[in-house]
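Keep in mind that what you see is a predicted model, and the values were worked out from it rather than measured. In each ligand, atom 1 is the first atom listed, and ligand 1 is the first ligand listed.
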Amino acid sequence: MSGPRPLPREEALLLGPPQWRHACHALLYAPCPHRLFGKIPLRFAVLMQMRFDGRLGFPGGFVDPQDASLEAGLNRELREELGPGVAFLHVDEGDHVSSHASEKPQRVVAHFYAKRLSLEQLRTIEDHATHAKDHGLEAMGLVRVPLYTLRDGVGGLPAFLNNNFVSIARDQLVHALETLELVPREHLQKAVVAAQKCLCVPSAGTSSSRVL
Ligand code: AMP
Ligand code: MN
């Protein structure tokens with residue numbers, strides 16, 4: 001097998017231990033009416049987190065044999081990584097988006113979920129996240145994904161997409177932004193192309209290189 005292989009949830013569940021481990025991660029998002037600098041619409045607040053390994057990913061983790069279901073494992077992981085602010089939150093089977101099986105570096109089935117919240121609920125999670133059991137350990141802090149592109153054509157979503165992402169988290173993000181209609185399709189496609197281009201361009205014009 002070359003890369004991660006998409007498969008239906010039911011088929012993924014047939015891949016059992018000890019050969020396969022299952023991991024579940026969730027994208028939490030909320031409509032956001034605010035404008036950056038009073039001008040640029042933010043559209044939605046979408047949460048990702050900085051991980052212990054320096055990469056960006058979604059909250060979640062490995063499902064344990066003691067977990068009653070994939071979703072029970074996911075909700076436990078969310079409580080560990082996001083803390084008391086998720087007491088109200090219950091991600092269930094209906095929130096499932098995709099499953100992918102990878103053989104390397106280890107056999108893992110990655111299940112991905114998305115849950116729409118109110119902005120107030122999302123802010124509650126952000127406010128409590130530093131009190132999570134795993135805060136400062138596996139989870140280094142929540143970030144919101146910028147969904148806009150600034151006038152320079154790079155700042156915002158294109159620059160964000162050039163971060164280092166764990167496993168297939170970047171693809172999960174881009175796919176979710178499209179299918180959940182969090183970013184207009186044309187805008188998203190342009191941002192993905194701009195992200196590829198700005199990787200190849202020398203950083204001569206960036207503010208950090210100007211000060212050096
Ligand atoms: P974690 O405990 O969050 O590190 O996740 C357990 C496993 O899932 C690790 O093997 C990670 O490489 C993988 N993983 C982490 N985040 C994601 C993600 N968003 N999508 C797919 N796999 C992931
Ligand atoms: Mn995790």
Mind checking whether the Mn ion (ligand 2) has an N, O or S of Gly60 under 2.8 Å?
yes
Between CD1 on residue Ile40 and CZ on residue Arg35, distance to nearest 0.5 Å:
9.5 Å
Approximate separation, where rounding is to 0.5 Å, of Met48 CE and Met50 CE
9.5 Å
Ligand-side contact atoms (ligand 1) for residue partner [X], heavy atom cut-off under 4.0 Å:
X      : answer
Phe58  : 19 (N)
Gly61  : 1 (P), 2 (O), 3 (O), 5 (O)
Ile168 : 20 (N), 21 (C)
Gly60  : 3 (O)
Ala110 : 21 (C), 22 (N)
Ser167 : 21 (C), 22 (N), 23 (C)
Arg51  : 1 (P), 3 (O), 4 (O), 15 (C), 16 (N)

Looking at ligand 1, does Gln106 have a heavy atom less than 4.0 Å from it?
yes
Taking distance alone, with no angle check, do Ala169 and ligand 1 share an N/O pair under 3.5 Å?
no
Counting both backbone and side chain atoms, is some N or O of His25 under 3.5 Å from an N or O of ligand 1?
yes
List the closest protein heavy-atom neighbour of [atom]: residue, atom name, distance to the nearest 0.1 Å.
atom                    : result
atom 20 (N) of ligand 1 : Gln172 OE1, 2.9 Å
atom 11 (C) of ligand 1 : Val166 CG2, 4.2 Å
atom 9 (C) of ligand 1  : Phe62 CZ, 3.9 Å

If you look at every heavy atom in [X] and [Y], which pair is closest and at what distance?
X      : Y      : result
Asn75  : Leu89  : OD1-O, 4.0 Å
Ala169 : Phe58  : O-CE1, 3.5 Å
Ala45  : Arg144 : CB-NH1, 3.7 Å

Can you confirm whether Gln19 is buried at CD, in the sense that more than 12 heavy atoms of other residues, nucleotides or ligands lie under 6.0 Å from that atom?
yes
Starting from the C-alpha separation in whole Å, work towards a yes-or-no answer on side-chain contact (heavy atoms from CB on, under 4.5 Å) for Leu56 and Leu173.
CA-CA 11 Å; Leu56 287 167; Leu173 172 66; over 6 Å; no
In Glu81, what N, O or S atom is nearest to the Mn ion (ligand 2), if we give its atom name?
OE2
Exam field: side chain His175 to backbone Asp171, donor-acceptor pair closer than 3.5 Å
no
Using a strict threshold of under 4.0 Å (side-chain N to carboxylate O), is an ion pair present between Glu71 and Arg9?
yes
Applying side-chain contact (heavy atoms from CB on, under 4.5 Å) to Tyr29 and Arg43, what does each step give before you reach the verdict?
CA-CA 10 Å; Tyr29 69 101; Arg43 297 194 188 98; over 6 Å; no
